[in-house]
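Single-structure report; data block below.
Owing to the predicted nature of the structure, the values given are computational and were not obtained by experimental measurement.
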Amino acid sequence: RFDFIEPPDLESVDYAINLLTKLDALDNYGSITEIGEFMVELSIDPRLARMIIEATDPRNNCLNEICILAAFLDGKNVFVRPSDPLLVKNVDKIHAQFRTNKESDFLTYLNIWQSYAQSGYSDRWAKANYLNEKVLEEAYMVREELLDVLSTKGFDIDSRTKPRMNTEAIGRVLAVG
């Protein structure tokens with residue numbers, strides 16, 4: 001039991017318990033599971049943590065990609081919109097180069113990551129492409145932290161690995177979270 005300065009309302013607690021149970025972080029008795037313990041170590045939103053854990057299954061073969069996506073989804077909007085209406089059309093064209101699949105924002109994030117990595121994680125590249133360099137830097141740091149935790153669990157990913165666009169596996173894993 002923990003004495004809160006201001007305890008959360010019961011509805012929020014029920015929602016959290018139900019969510020964690022659905023994600024297999026808690027068993028039917030409310031005790032933390034092995035998956036739940038792994039999620040705690042990842043120190044990221046529970047849904048994102050669960051996706052990462054699902055991606056560790058070698059049959060999915062998309063752990064690198066899910067770590068990239070989790071790093072983006074844990075942060076803010078990466079796209080920068082200029083206030084000058086004359087620039088908007090040009091910026092839309094620049095952003096369109098990353099949107100190779102109109103059905104998936106997730107593939108857009110992977111395309112951005114791939115180009116960002118190829119640029120050497122350059123702030124100059126981010127600014128030239130009207131992408132928020134702070135968001136990209138934060139995503140880089142979150143991904144590195146995730147890779148560190150995964151490494152301690154025996155999952156080694158070369159941080160320079162180019163993402164594969166295995167949409168079926170990525171979709172399966174994203175659905176878990």
Side-chain angles (χ1 to χ4, degrees), residues 15-27 31-80 95 98-101 104-127 129 131-177:
Y15 174 80
I17 290 171
N18 286 331
L19 175 64
L20 293 172
T21 302
K22 285 179 187 173
L23 295 173
D24 296 325
L26 298 176
D27 64 21
S31 298
I32 193 165
T33 64
E34 282 185 44
I35 289 174
E37 289 175 5
F38 194 169
M39 289 169 68
V40 169
E41 289 180 58
L42 290 169
S43 295
I44 198 166
D45 177 279
R47 290 173 289 251
L48 299 175
R50 186 63 181 96
M51 291 181 331
I52 291 168
I53 293 167
E54 187 68 18
T56 63
D57 183 332
R59 293 174 294 185
N60 289 318
N61 196 24
C62 61
L63 183 55
N64 180 41
E65 294 76 10
I66 295 300
C67 286
I68 293 166
L69 293 173
F72 271 110
L73 296 173
D74 196 43
K76 297 174 179 64
N77 187 1
V78 70
F79 293 104
V80 174
H95 288 169
F98 303 113
R99 291 188 176 107
T100 58
N101 184 327
S104 175
D105 288 340
F106 301 116
L107 295 179
T108 300
Y109 287 128
L110 293 175
N111 287 331
I112 290 169
W113 184 265
Q114 187 173 327
S115 296
Y116 180 53
Q118 287 172 346
S119 78
Y121 307 104
S122 165
D123 285 353
R124 177 178 274 157
W125 173 87
K127 288 176 185 175
N129 285 281
L131 299 171
N132 187 323
E133 68 274 9
K134 298 293 183 207
V135 170
L136 288 168
E137 186 177 310
E138 184 177 326
Y140 177 87
M141 291 170 50
V142 168
R143 179 172 177 263
E144 289 299 310
E145 289 174 20
L146 293 172
L147 296 181
D148 287 347
V149 171
L150 289 167
S151 178
T152 66
K153 296 281 194 183
F155 300 101
D156 290 317
I157 302 170
D158 184 343
S159 63
R160 297 164 297 183
T161 302
K162 179 179 172 181
R164 290 181 299 276
M165 302 299 179
N166 184 346
T167 56
E168 188 176 314
I170 291 169
R172 245 190 343 265
V173 170
L174 290 174
V176 171

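- Between the Thr21 side chain and the Ile17 main chain, a donor and an acceptor come within less than 3.5 Å of each other.
- Phe98 has its side chain out of reach of Val78: every pair of non-hydrogen atoms, C-beta onward, lies at least 4.5 Å apart.
- Atom OG of Ser119 is separated from atom CG of Asn129 by 8.5 Å, given to the nearest 0.5 angstrom.
- Counting heavy atoms from C-beta on, the side chains of Glu145 and Ile44 never come closer than 4.5 Å.
- The shortest distance between side-chain heavy atoms of Phe79 and Leu131 falls below 4.5 Å.
- Looking only at side-chain heavy atoms (C-beta outward), Ile53 and Asp24 stay at 4.5 Å or farther from each other.
- Ring planes of Tyr109 and Phe106: tilted class, angle from 30 to 60°.
- Below 30°, between 30° and 60°, or above 60°: for Tyr116 and Trp125 the angle between ring planes is between 30° and 60°, a tilted geometry.
- Expressed to the nearest 0.5 Å, how far CG of Leu73 lies from CG of Asp45 amounts to 9.0 Å.
- Residues Ile52 and Val149 form no side-chain contact, since every pair of their non-hydrogen atoms from C-beta on lies 4.5 Å or further apart.
- Geometric assessment of Arg143 against the ring of Tyr121 yields a negative cation-pi assignment under the 6.0 Å and 45° thresholds.
- Remark: Glu168 engages Arg172 in a salt bridge, criterion side-chain N to carboxylate O under 4.0 Å.
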